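These figures come from a predicted structure and were not determined experimentally. FYI, the numbering just counts along the sequence from 1.
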Amino acid sequence: MCNAAVVAEETADVTSPSKAPYWWGQLIRKGRARGLSSIFALTQRPAESDKTAIGNATLFRTGRLKRADDRKMVAKELDVHVSEVTGLKPLDFVERDDVTGKVRKGNLCK
């Protein structure tokens, strides 16, 4: 495997909740098998972005989200109560490791 990564900033601008565009779906589903070491799919509006990246993620992390729809959707994907993602302060996060199933909270500066 090569040591290459893809960073997709603001996926809600180029995808939709209903279906991933062809090129994005191919990258998410086949990129790791073709040698990418990591794919980082970033968005401020997860409820408005496709679920392909989330469905294939090894690690799913969220920070502070302003919109209730985003908090509700992210809590469901993390398999936690929405109160776990409500009230996060800047640099706080909640993440779920799909390999172990463990959920952890933290702060990027601590």
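Formation of a donor-acceptor pair under 3.5 Å by the T43 side chain with backbone atoms of E10 is not found in this model. Side-chain atoms of K51 come within 3.5 Å of backbone N or O of S49 as a donor-acceptor pair. A donor-acceptor contact shorter than 3.5 Å is absent between the side chain of R64 and the backbone of P90.
Salt-bridge annotation for R67 and E48: present, with a side-chain N of the basic residue lying under 4.0 Å from a carboxylate O of the acidic one.
Heavy-atom contacts from other residues, nucleotides or ligands closer than 6.0 Å to CD of Q44 number 12 or fewer. Atom NZ of K72 sits in a sparse spot, with 12 or fewer heavy atoms from other residues, nucleotides or ligands closer than 6.0 Å.
Looking at every heavy atom in both residues, S37 comes nearest to A5 through OG-N, 4.2 Å. Considering all non-hydrogen atoms of both residues, A47 and P17 come closest at O-CG, 3.4 Å.
No path of Ile, Leu, Val, Met, Phe, Trp and Tyr side chains, each step under 4.5 Å between heavy atoms, connects L78 with F93, placing them in separate hydrophobic clusters. In the hydrophobic clustering of ILVMFWY residues, with side-chain heavy atoms under 4.5 Å counting as a link, V82 and I54 come out together. The hydrophobic clustering, which links ILVMFWY residues whose side-chain heavy atoms are closer than 4.5 Å, places M73 and V94 together. Hydrophobic clustering of Ile, Leu, Val, Met, Phe, Trp and Tyr side chains at less than 4.5 Å, counting indirect connections, unites I39 with W23. In terms of hydrophobic clustering, with Ile, Leu, Val, Met, Phe, Trp and Tyr side chains grouped at heavy-atom distances under 4.5 Å, L42 and V14 are assigned to different clusters.
For the atom pair CZ (R71) and NZ (K66), the distance works out to 10.0 Å, reported to the nearest 0.5 Å. Atoms CG and NZ, from N56 and K30 in turn, are 12.0 Å apart once rounded to the nearest 0.5 Å. Rounded to the nearest 0.5 Å, atoms CG (N107) and CG (D92) are 5.0 Å apart.
Put simply, the side chain of L36 reaches to within 4.5 Å of the side chain of L27, judged on heavy atoms. Side-chain contact between F40 and E9 is absent, with no heavy-atom pair separated by less than 4.5 Å. Annotation: side chain of K89 is not in contact with side chain of L91 (no heavy-atom distance under 4.5 Å). L65 places a side-chain heavy atom less than 4.5 Å from the side chain of P46. In this structure, the side chains of T58 and V99 come closer than 4.5 Å at one or more pairs of heavy atoms. Contact check for K105 versus V80: no side-chain heavy atoms found under the 4.5 Å cut-off.
The side chain to side chain donor-acceptor pair (under 3.5 Å) with W24 is formed by just one residue from the set T15, T11, D50; it is D50.
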